[in-house]
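Since the structure comes first, as structure tokens, the remarks are kept for the end.
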Protein chains: 2
Amino acid sequence: MADVAKRAGVSVSTVSRTLRGLPTVSPDARRRVEEAARELSFVISRQASGLVTGKTGAVAVLVPTLKSWFVGAALSGLGAGLRGTGLDLLVYSVSDMADRAAFFDRLPARRNADALLVVSFDLTADESARLDGLGMPIVYVSQQAPGRASVYVDDVMGARHGVRHLINLGHRRIGYVHAARGPSGFSFSSQRRFLGYREALAEAGVEVDRRLVVDVAASGRRGAEEAVGGLLGLREPPTAIFAEIDQVAIEVMGVLRGAGLDVPGRMSVLGFDDHEMAEWMQLSTVAQPAEDIGRTAGELARSLIDDPDADPALHRVLPTRLIPRASTAPLGTTAPLGTSSPLPAPDAPDGTARTRD
Amino acid sequence: MADVAKRAGVSVSTVSRTLRGLPTVSPDARRRVEEAARELSFVISRQASGLVTGKTGAVAVLVPTLKSWFVGAALSGLGAGLRGTGLDLLVYSVSDMADRAAFFDRLPARRNADALLVVSFDLTADESARLDGLGMPIVYVSQQAPGRASVYVDDVMGARHGVRHLINLGHRRIGYVHAARGPSGFSFSSQRRFLGYREALAEAGVEVDRRLVVDVAASGRRGAEEAVGGLLGLREPPTAIFAEIDQVAIEVMGVLRGAGLDVPGRMSVLGFDDHEMAEWMQLSTVAQPAEDIGRTAGELARSLIDDPDADPALHRVLPTRLIPRASTAPLGTTAPLGTSSPLPAPDAPDGTARTRD
DNA sequence: CGCCTTCGTGACAGCGCTGTCACCGGTCGT
DNA sequence: ACGACCGGTGACAGCGCTGTCACGAAGGCG
């Protein structure tokens, strides 16, 4: 910085003021400083400025994994939301138990970020208390925390709309497939989606049949085969299946088609998420705006950082959106064997939205 | 830190030494300091220590997107590789052109990280030069840069093995589907995989038929339909299709099955990546160890940071691995309509590896 | 024309650490 | 028994910035 000052013929104070965009700099000095800074490709050291301002210029985000579609999309939106704010993104991916203990023991985010975002992370009471003691703004993403800022999607409503869509198509026996995920995250959405399923059935006067509710035990094909097998083995099998997440829905579709059952002719399948793959597979699904969630969380974090008086317990609930594609159809429709889109010259309209609610 | 010192009854110097793990601290003092630090939940401020040591304690990673399976997996591995080193992970996701210009103009990573990892990012000459002038260690991931450390997979060999697998199954007319991705990344792998395809054919004495090589223009089903339609419309259509990436392979499978063509009975399909979805879909593929790539990159970065004498141009080439699943089969096999795994009680062995090379 | 205000600027302390140096007591070698 | 040595410790400067204060010059006012 001293170099820049010398080159521009001003003091370091003026350089600092210029580079921070303070108004009390003459146009002439400003120009000279900017030029000198460019020539020396000088950038301010966050470390040094942070030392005195007490700000780090970064937000930390704690995620249970980086290999999930949702986390990737949320981070992507978060990055977009932070752009132009000068805030950097510090990612702590904490999956196994050893990492986890280390993270909560050392709390490396402390003092190294201005805010912490916690994404889909199932916290123990101890961990939660530890974060509360952190003394920095926290935003919970895809989960709720009492008294803390949160951004999440209305999973209950989403699931209700999804199931209602199936009901409107004439389905009454609707299977539900829980996604058994690790112990580390996502349980908030999981519970709420199932609640929405039950509410939609109740609303339609359909009783919940526990035999129609199954778990995908393991990840991978095996679990889906067992779950679907269980459902099909019932005396009264379902005519539609609602899966908690798209991944499971896609596995279910694969298993059904592999067994020669046409989707949606013989079985409608509905997912939740709008995973990128859902479109490729023509899966009807309840979309959650993962990027918007990230972006919103970023904005919330920023307001918490900039404005100490901001309500630290602000909740933002984002809407879901039903996207009917070709994996759901009215009850009783029996499509030709094989599925919707023929080739090479498609002789049917594109499979999207073949019905409406 | 002064608080900790007071509480432990020692000087700040001793606290600093203890917390940094220097050996010249008596066991007694060490214990007292650690206790005091825990009680006050004190963590060292990277800002302040960085100011004097010149290290930031973070590595920056530049990615073209966060919504790609590969990037997620690589970051995940990177995180694992960095764990225990005390290095934090700073993520710069730069996709659109405006961001990009801003990033390379301001180079925010400068002085805020000890090393920069550049993942699958197609750089212009100017950008490349700008990074070279950064004066910090750089590791290129999933791409090569002359004179710079790089970690990548042997795409050529991977594609060769994949195509050889198809050839060993008796296929001779093998289609190739390019994945048209954005301008921002992945072109390195793209070129190399196609090269491997051609090499494998040459090796087997099969001439490359340009009509068998198609592009998926848009993302989404539409592009795949056109590509597959083009292939099937040929006088001599292929009997197998090799897709540059799993995403495209899965779309291709969906289109084929949607058109009533059995996979692999009528058409074998092979992908590249081993996207998580590939297993769910029983897609044969050439796996690239995305997490290992990330981990290796992290190790490389660390060695570059710790050891100034380390070769800044070290290349690490990781192997691919062919994973035959149920989407490829010997030429001439005609499976029953519908695919491999029946239900509820599977009466055939699991579809994995129905043949070997 | 002298006074007060405003604007632009420079000097300087100090943010929380680390590296260096000096120092002190005890142990070892001769 | 004496100096050399070493493990353990504290004092202190200084890393690169920012915030505060003081100051001179220019402009506005009575």
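All chains are named by letter (A, B, ...) in the order of the sequence lines, taking the proteins before the strands, and each is independently numbered beginning at 1. Note: hydrogens, waters and symmetry copies are ignored here, and every other heavy atom, side chains too, is used.
In the set D:dG16, C:dC12, C:dT18, the nucleotide with an atom closest to the side chain of A:Ser13 is C:dC12. Here the side chain of A:Arg111 is nearest to one of C:dT9, D:dC15, C:dC17, namely C:dC17. Comparing atom distances between the B:Arg17 side chain and each of C:dC15, D:dT18, D:dG10 picks out D:dG10 as nearest. Here the side chain of A:Met1 is nearest to one of C:dT18, D:dC17, D:dT9, namely D:dC17. Distance from the side chain of B:Ser11 is smallest to D:dA11 among D:dA11, D:dG16, C:dG10. The side chain of B:Ser26 lies closest to D:dG8 when the candidates are D:dT18, D:dG8, C:dT9. You'll find that the side chain of B:Arg20 is closest to C:dG19, out of C:dG19, C:dA11, C:dC15. Distance from the side chain of A:Thr24 is smallest for C:dT9 among the nucleotides C:dG16, C:dT9, D:dT18. Here the nucleotide nearest the side chain of B:Val52, chosen from C:dT9, D:dT18, C:dC17, is C:dC17.
Take the nearest nucleotide of DNA chain D for B:Gly9 and for A:Leu22: the residue whose nucleotide is more 5' is B:Gly9.
Taking 4.0 Å as the cut-off between side-chain N and carboxylate O, A:Glu35 and A:Arg31 count as a salt-bridged pair. Remark: A:Arg7 engages A:Glu39 in a salt bridge, criterion side-chain N to carboxylate O under 4.0 Å. Salt-bridge annotation for A:Asp3 and A:Lys6: absent, with no side-chain N of the basic residue lying under 4.0 Å from a carboxylate O of the acidic one.
Nucleotide D:dC15 holds its P atom 18 Å from the NZ atom of B:Lys55, rounded to whole Å. Here the P atom of nucleotide D:dG16 and the CZ atom of A:Phe42 are 10 Å apart, to the nearest Å. With rounding to whole Å, B:Gln47 atom CD is found 15 Å from C:dT18 atom C1'. C:dG16 atom C1' lies 10 Å from atom CD1 of B:Ile44, rounded to whole Å. B:Asp28 has its CG atom 14 Å from the C1' atom of D:dG7, to the nearest Å. For the pair B:Arg31 CZ and D:dG8 P, the interatomic distance rounds to 15 Å; values are reported in whole Å. D:dT18 atom P lies 12 Å from atom CG of B:Leu51, rounded to whole Å. Straight-line distance from the CZ atom of B:Arg30 to the P atom of D:dG7: 14 Å, rounded to whole Å.
When heavy atoms are screened at a 4.0 angstrom cut-off, B:Ala29 is found touching the sugar-phosphate backbone but no base atom.
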Step-by-step side-chain contact (heavy atoms from CB on, under 4.5 Å) determination, B:Asp88 to A:Tyr92: CA-CA 8 Å; B:Asp88 283 341; A:Tyr92 293 96; 2.8 Å; yes

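Counting only distance, with no hydrogens or angles, the side chain of A:Asp99 and the backbone of A:Val94 share no donor-acceptor pair below 3.5 Å.
A close approach under 4.0 Å does not occur between any side-chain nitrogen or oxygen of B:Ser45 and OP1 or OP2 of C:dC17.
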